[in-house]
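Everything below concerns the one structure shown next.
Since we're looking at a predicted model, the values are computed, not measured.
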Amino acid sequence: MGVSKIHTHAQRVTVDAATARAIRRRLLAWFDRHARDLPWRRRGSDPYAQLLAELMLHQTQVATVIPYYERFIVRFPTVAALASADIDEILALWSGLGYYRRARLLHAAARKIVADFQGQVPRSVDALMTLPGVGRYTAGAVASIAFDVRAPIVDGNVMRVLARLFADAGDPSTPEVQRRLWARAEALVPRRRCGAFNQALMDLGGSPCVPVAPDCPACPLMPYCAAWAEGLTDRIPPARRRAKVRTAAVTVAALRRGERLLFVRRADDGLWGGLWELPTEPVGESESPTDARARLRKRLPVGARLATATDLRVKRLLSHRRVTFHVYEGRLNSHSIPSALDGQPARLAAREKLAELGISRACKAILTRIGWL
DNA sequence: AAGGCGGGGTG
DNA sequence: CACCCAGCCTT
């Protein structure tokens, strides 16, 4: 018994036809009773709404996405509306949601749909996958939910459900196990109601088939779950190895001109790409914030006054980084208001205009800390 | 194959 | 803290 036994199992990819039918029937019946009422499900046949929701849902929880989706779909109700929008306004609406590259990819996808697909979201998985930001999962989700195309999907939730259903204790991050999971999803997805079936699999992973302490008696698939039968639900799937969290420090210049603050737009690539922020300068390894502050000072407009010391610290924890901001306050006189800093667009902004700028939670925390918000 | 990319929820 | 989340892209 135990881990050694798990690996002696040949990993099945299919079940017999009768079992497959029973699994589909039970799962769909469960979905009919327990499906969550989500805003994008009310537009189930609108492929643009599904595409938008799926992009927002990447690595992001449903409850977090809902208010963002609601604002976004009102402001940009169609592919055409989004395609012709300004990226700054898109990022402003995306502010706080994270993974900001998604917003840029979504914009690019909308423009490609207009340019290459006559403004209509394509129906096939292969065509969908040509869109920026759309991989196998998202393509399958949009195709099956919006167009009722029989396509499998495997995301984090479905991965867990299928790994348990087949008692597959392999590491889901490996290509071999990934292939098995997709093969199982492919074999199970029905021809009719495939979109509902896929959403049911995801809902099941949301509850009751949660990562820790799943509520198996509430699961419609318990009679068919191999992990349940073997008492392995707490070990399947194995926990994912995580990248180590590294620490980083940056200095920040909070420069006021009256009630306004100086903002700079970050480069499109990398962390918080394309968002606006207060001017920053990274603190190198084996360097003090004071050293970085001196470099920061040199980049600022002539006539800017910047404090030489600060006690203001703001800490933020990202998934892969722990960042400490050392915030130096200062002032700009009327002769030192730039439109660019090191080639990046710069502008003064009043509180009332902040909603027009895409900014990160970290930046917002800094603005709050200095008493500006 | 591995790392980068945000932010929030939960125990 | 640890671990997770309706992934994808780059190197």
Quiz item: Can you find a side chain N or O atom of A:Arg316 that sits less than 4.0 Å from OP1 or OP2 on B:dG8?
Solution: yes

Quiz item: Which nucleotide sits closest to the side chain of A:His58: C:dC4, B:dG6, C:dC8?
Solution: C:dC8

Quiz item: Contact class for A:Arg36 (heavy atom, under 4.0 Å): base, sugar-phosphate, or nothing?
Solution: base

Quiz item: What is the nucleic acid contact for A:Gly270, judged by heavy atoms within less than 4.0 Å: base, sugar-phosphate only, or nothing?
Solution: sugar-phosphate

Quiz item: Would you say A:Arg321 reaches B:dC5's phosphate, i.e. side-chain N/O to OP1/OP2 under 4.0 Å?
Solution: yes

Quiz item: For A:Arg102 and C:dC8, is the shortest distance between a side-chain N/O and OP1 or OP2 below 4.0 Å?
Solution: no

Practice problem: State whether A:Arg322 places a side-chain N or O below 4.0 Å from either non-bridging phosphate oxygen (OP1 or OP2) of C:dC1. | Solution: yes

Exercise. Select from A:Arg246 and A:Ile359 the residue whose nearest nucleotide in DNA chain B is closer to the 5' end of that strand.
Key: A:Arg246

Practice problem: Answer yes or no: side-chain N or O of A:Ser319 and base N or O of B:dG6 forming a donor-acceptor pair under 3.5 Å. | Solution: yes

Quiz item: Any side-chain N or O of A:Tyr99 less than 4.0 Å from the OP1 or OP2 oxygen of C:dC9?
Solution: no

Exercise. Looking at every strand, decide which applies to A:Ser360 at a 4.0 Å heavy-atom threshold: base, sugar-phosphate, or nothing.
Key: sugar-phosphate

Self-check item: Face-on cation placement of A:Arg136 at A:Trp182 ring, 6.0 Å and 45° thresholds
Solution: yes

Exercise. Map A:Asp155 and A:Met129 onto DNA chain C by nearest heavy atom, then report which one ends up closer to the 5' terminus.
Key: A:Asp155

Quiz item: Given C:dC5, is OP1 or OP2 found less than 4.0 Å from the side-chain N or O atoms of A:Thr64?
Solution: no

Quiz item: Which whole number of Å gives the distance between the P atom of B:dG4 and that of C:dA6?
Solution: 23 Å

Practice problem: Please state how far atom CE in A:Met159 lies from atom C1' in C:dA6, giving the value in whole angstrom units. | Solution: 12 Å

Practice problem: Verify the distance criterion only: is there a donor paired with an acceptor across the side chains of A:Ser173 and A:Asp171 at less than 3.5 Å? | Solution: yes

Quiz item: Within this structure, what is the CG-to-C1' distance between A:Asp234 and B:dG11, rounded to whole angstrom?
Solution: 16 Å

Quiz item: With a 4.0 Å cut-off on heavy atoms, is A:Thr174 in touch with a base, just the backbone sugar-phosphate, or nothing at all?
Solution: nothing

Quiz item: Taking the side chain of A:Leu271 as heavy atoms from C-beta outward, which of C:dC4, B:dG7, B:dG6 is closest to it?
Solution: B:dG6

Exercise. Classify the nucleic acid contact of A:Gly96 as base, sugar-phosphate or nothing, counting any heavy atom under 4.0 Å across all strands shown.
Key: sugar-phosphate

Exercise. Round to a whole Å and report the spacing from CG of A:Leu317 to P of B:dG6.
Key: 14 Å

Exercise. For A:Ala243, report the nucleic acid contact type (base, sugar-phosphate, nothing); a contact means any heavy atom under 4.0 Å.
Key: nothing

Self-check item: Under 4.0 angstrom between A:Trp94 side-chain N/O and B:dG6 OP1 or OP2
Solution: no

Quiz item: Base, sugar-phosphate, or nothing: which does A:Leu38 touch, judged by heavy atoms less than 4.0 Å apart?
Solution: base

Quiz prompt | Nearest-angstrom distance, P atom, B:dG6 to C:dT10 | solution = 14 Å

Quiz item: Between the side chains of A:His34 and A:Ser207, does any donor sit under 3.5 Å from an acceptor?
Solution: no

Practice problem: Starting from P on C:dA6, measure out to CD on A:Glu54 and report it in whole angstrom. | Solution: 11 Å

Quiz item: Between the side chains of A:Gln199 and A:Arg41, does any donor sit under 3.5 Å from an acceptor?
Solution: yes

Quiz item: How is A:Val62 classified with respect to the nucleic acid when contacts are heavy atoms under 4.0 Å: base, sugar-phosphate, or nothing?
Solution: base

Self-check item: OP1 or OP2 of B:dG9 under 4.0 Å from side-chain N/O of A:Gln61
Solution: no

Self-check item: salt_bridge(A:Arg265, A:Glu277) N-O dist < 4.0 Å
Solution: no

Quiz item: Under a 4.5 Å cut-off applied to non-hydrogen side-chain atoms, are A:Leu38 and A:Arg36 in contact?
Solution: yes

Exercise. Figure out the CG/C1' separation between A:Leu318 and B:dG7, and round it to whole Å.
Key: 8 Å

Self-check item: N or O in side chain of A:Arg101 less than 4.0 angstrom from C:dG7 OP1/OP2
Solution: no

Quiz prompt | Side chain of A:Thr138 (C-beta onward), nearest among B:dG7, C:dA6, C:dC8 | solution = C:dC8

Practice problem: Taking only the side-chain heavy atoms of A:Arg361 (C-beta and beyond), determine which of C:dC4, B:dG7, B:dG6 contains the nearest atom. | Solution: B:dG7

Quiz item: If you look at every strand shown and take non-hydrogen atoms under 4.0 Å, does A:Ile153 touch a base, only sugar-phosphate, or nothing?
Solution: nothing

Practice problem: Using whole Å, report how far CG of A:Leu105 lies from P of C:dC8. | Solution: 11 Å

Quiz item: Looking at A:His320, does any N or O in its side chain come under 4.0 Å of the phosphate oxygens OP1/OP2 on B:dG4?
Solution: no

Practice problem: Say whether A:Thr19 and A:Asp16, considering side chains only, have a donor N or O and an acceptor N or O under 3.5 Å apart. | Solution: yes

Quiz item: Given atom CG of A:Asp203 and atom P of C:dC5, what is their separation to the nearest angstrom?
Solution: 15 Å

Quiz item: Any luck finding a side-chain donor-acceptor pair between A:Arg102 and A:Thr60 under 3.5 Å?
Solution: yes

Quiz item: Expressed in angstrom and rounded to an integer, what is the separation of A:Trp272 atom CH2 from B:dG4 atom P?
Solution: 14 Å

